[in-house]
Amino acid sequence: MTDPILIVGAGQAGIKAAETLRAKGYDGDVVMLGDGGLPALPASAAVESLSERRDGRGTFVPATGGLFRNPPRSNLRTKTSVASIDPAAKCIALSNGTRLPYSSLLLATGTRARQIPLEGATLDGVFSLRTMADVAAIRDTLAKAENVAILGGGYIGMEFAAVAAGLGKTVTVIEACGRVMERSVAPEISTYFQTLHRAHGVTLRLEQKVERLTGETSVTGVALGDGTQIPADLVLLAVGAVPVTGLAESAGLAVGNGITVDAYARTSVPDIYAAGDCTEFPSARYGRTIRLESVQNAIDQAKIAAGSILGETQAYDPVPWFWSDQYDAKLQIAGLSSGYDRTELEGAYDEGRFALKYFLGDRLLAVDTVNAPRDHMMARKALAQTGPDSDGTREAAA
Ligand SMILES: Cc1cc2nc3c(=O)[nH]c(=O)nc-3n(C[C@H](O)[C@H](O)[C@H](O)COP(=O)(O)OP(=O)(O)OC[C@H]3O[C@@H](n4cnc5c(N)ncnc54)[C@H](O)[C@@H]3O)c2cc1C
């Protein structure tokens, strides 16, 4: 009898891979192992649920449909942490010591919230936002909080700011860079969202260094490098995520900024595949190795991984896309803009309905839209039609 296909991680990528195996007609055993750290998804829905305008139930977790209803052919084990992989013996060990053999292994272990060495980070009232457990933990404190401080002006920080401001909290976002979402969008987009947040009463403290969080047992404030004290009874640490690669590293798989896979989602070790946030992969389209944190990537790369496990040879080279909802503004991003040398604005910026195109020379690299979903879809189509870079221009942009 063939050993099962094992999937580590019951998030977006893991579930899509299992679904795809079945959709492609695989009828052998599939076992998915998840440690219970269910991701809070999407960000907008997760933070929105904190406002209690939604109940949050069933909103975040990708549906497994009928996939796991007929054990033992398909078996979903939640609250099961995988401790190690033995590639030579083709088996894994669970944290309780049980060993399970595999025919193929898919690692879909995602990311965890970045931790920073910061005095006061363990005080009550200080949170990260990654899993449903985080959402549950934040909810009660947020309901009672008056002053909310957010460390980090990226997507999660700014979405959380919008929700907290909507609840009437006094909100301060503290960001080390000179503008919000600086790493992924142009100044025009940052400026638009900064204006929007300020109009909703949010204070933005840009180019600020945080010295420490203050308080005895519960957090009472944030001490900034310039000597300012910001009162806070809830602090959200929204300073990014890191790929979960420990299992892969200990098993001797190649790991860089994520588990290294090729265009077929194959790791450096035979019969072990990886997909989703935890991977770095070669992008022919952008001429470099990339790691993405997005639902699009988790789902599309998982489909490729499932195909590869079944012997297919379809390469993965996506047009990445992402979204972020803040107040009534829907930001949608198609493509990767890094390396652009000019932008073009189309539409009604002052009315909050526009597209910003990023170019390198004449080449369209990416398009950000605000409240313009049709333009976003057209941008995805246009970007998909531009094939891998032929003259090295994109590589230079990396
Ligand atoms: C708050 C928040 C909001 C987001 N909102 C958006 C959004 O609006 N749009 C968007 O495109 N992207 C969004 N993202 C990013 C998106 O969540 C991820 O890109 C996506 O979930 C990645 O899927 P994944 O399957 O790779 O990883 P995950 O969904 O994180 O799943 C990985 C799973 O593996 C489990 N695991 C890890 N190690 C082990 C182990 N040893 N044993 C067993 N299980 C293990 C983890 O607990 C986790 O459940 C958001 C992320 C966060 C944190």
Side-chain angles (χ1 to χ4, degrees), residues 42-44 47 114 116 129 148-166 171-210 222 224-226 228 230 236-241 286 290 292-294 320-360 364-373 375-376 379 383 397-398:
S44 336
V47 291
R114 184 187 301 280
I116 47 171
L129 179 51
V148 171
I150 299 161
L151 274 51
Y155 295 109
I156 290 174
M158 299 316 288
E159 291 185 17
F160 189 75
V163 167
V171 182
T172 306
V173 176
I174 302 152
E175 167 58 52
C177 296
R179 55 188 177 84
V180 302
M181 303 184 287
E182 183 175 297
R183 280 186 306 139
S184 51
V185 298
E188 295 93 320
I189 301 287
S190 297
T191 301
Y192 178 82
F193 280 94
Q194 285 170 192
T195 306
L196 185 65
H197 277 274
R198 287 181 174 128
H200 283 83
V202 173
T203 301
L204 302 176
R205 302 295 308 259
L206 306 174
E207 293 184 303
Q208 288 292 337
K209 187 172 176 325
V210 174
V222 182
L224 299 185
D226 66 3
T228 314
I230 304 209
L236 184 76
L237 302 177
V239 290
Y286 291 100
I290 58 178
L292 300 172
E293 289 173 18
S294 70
W321 56 267
F322 189 80
W323 74 92
S324 175
D325 293 330
Q326 298 173 37
Y327 309 103
D328 291 331
K330 177 176 278 297
L331 170 64
Q332 290 174 293
I333 293 178
L336 299 179
S337 60
S338 73
Y340 73 94
D341 59 11
R342 70 186 170 88
T343 56
E344 272 177 22
L345 186 67
E346 289 176 4
Y349 187 84
D350 293 337
E351 290 167 26
R353 206 175 51 259
F354 60 93
L356 188 74
K357 296 183 171 174
Y358 298 77
F359 293 91
L360 177 60
L364 180 68
L365 292 181
V367 181
D368 296 348
T369 56
V370 172
N371 292 336
D375 291 349
H376 170 72
L383 289 164

**Item:** Under the side-chain contact (heavy atoms from CB on, under 4.5 Å) test, residues paired with Gln208 that sit two or more places apart
**Value:** Ile174, Arg205, Leu224, Asp226

**Message:** For Gly154 versus Met181, what's the shortest heavy-atom pair and its separation?
**Reply:** C-CG, 4.1 Å

**Asked** Does any N or O in the side chain of Gln194 come within less than 3.5 Å of the main-chain N or O of Val180, such that one atom is a donor and the other an acceptor?
**Response** yes

**Item:** Student check: side-chain heavy atoms of Leu331 and Asp368 closer than 4.5 Å
**Value:** yes

**Asked** Passes side chain to side chain contact (heavy atoms under 4.5 Å, CB included), Val148 versus Leu236? Steps please.
**Response** CA-CA 8 Å; Val148 171; Leu236 184 76; 5.8 Å; no

**Residues that Thr343 engages under side-chain contact (heavy atoms from CB on, under 4.5 Å), provided they are two or more places apart** = Ala186, Glu188, Tyr340, Leu356, Tyr358

**Request:** Mind listing the closest non-hydrogen atom pair of Leu336 and Pro320 along with its distance?
**Result:** CG-CG, 3.8 Å

**Complete:** The side-chain contact (heavy atoms from CB on, under 4.5 Å) partners of Arg342 (sequence neighbours excluded) come to Glu344, Phe359, Asp362

**Message:** Is there a side chain to side chain contact (heavy atoms under 4.5 Å, CB included) between Gln332 and Trp321? Walk through the geometry before answering.
**Reply:** CA-CA 7 Å; Gln332 290 174 293; Trp321 56 267; over 6 Å; no

**Asked** With sequence neighbours left out, what residues match Glu346 under salt bridge (charged side-chain N to carboxylate O under 4.0 Å, His left out)?
**Response** Lys357

**Message:** Checking Gln326 now: which residues fulfil side-chain hydrogen bond (donor to acceptor under 3.5 Å, both in side chains) with it, not counting sequence neighbours?
**Reply:** His197, Ser324

**Complete:** Scanning both residues in full, the closest heavy-atom pair of Gly152 with Val173 reads O-CG1, 4.0 Å

**Complete:** So CD of Glu293 and CD1 of Ile156: to nearest 0.5 Å the spacing works out to 8.0 Å

**Side-chain touch Ser184/Phe322, heavy atoms, less than 4.5 angstrom** = no

**Complete:** Note: Thr369 and Ala355 closest approach over all heavy atoms is CG2-CB, 3.8 Å

**Prompt:** Of all residues at least two apart in sequence or in a different chain, which pass the salt bridge (charged side-chain N to carboxylate O under 4.0 Å, His left out) check with Arg353?
**Reply:** Glu351

**Message:** Nearest 0.5 angstrom please: Thr172 OG1 to Ile230 CD1, how far?
**Reply:** 5.0 Å

**Request:** Might you point out which heavy atoms bring Ala165 and Val171 nearest each other, and give the distance in Å?
**Result:** N-CG2, 3.6 Å

**Request:** Determine yes or no for a side-chain-to-main-chain donor-acceptor pair under 3.5 angstrom, with Arg179 supplying the side chain and Val185 the backbone.
**Result:** yes

**Prompt:** What residues form a side-chain hydrogen bond (donor to acceptor under 3.5 Å, both in side chains) with Glu182, not counting sequence neighbours?
**Reply:** none

**Fill in**
Looking only at heavy atoms, the pair that brings Leu365 and Ser338 closest together is CD1-O, 3.9 Å

**Complete:** Residues at least two apart in sequence or cross-chain that pass side-chain contact (heavy atoms from CB on, under 4.5 Å) with Ala329, listed by chain then number, are Tyr192, Phe193, Leu196, Val370, Asn371

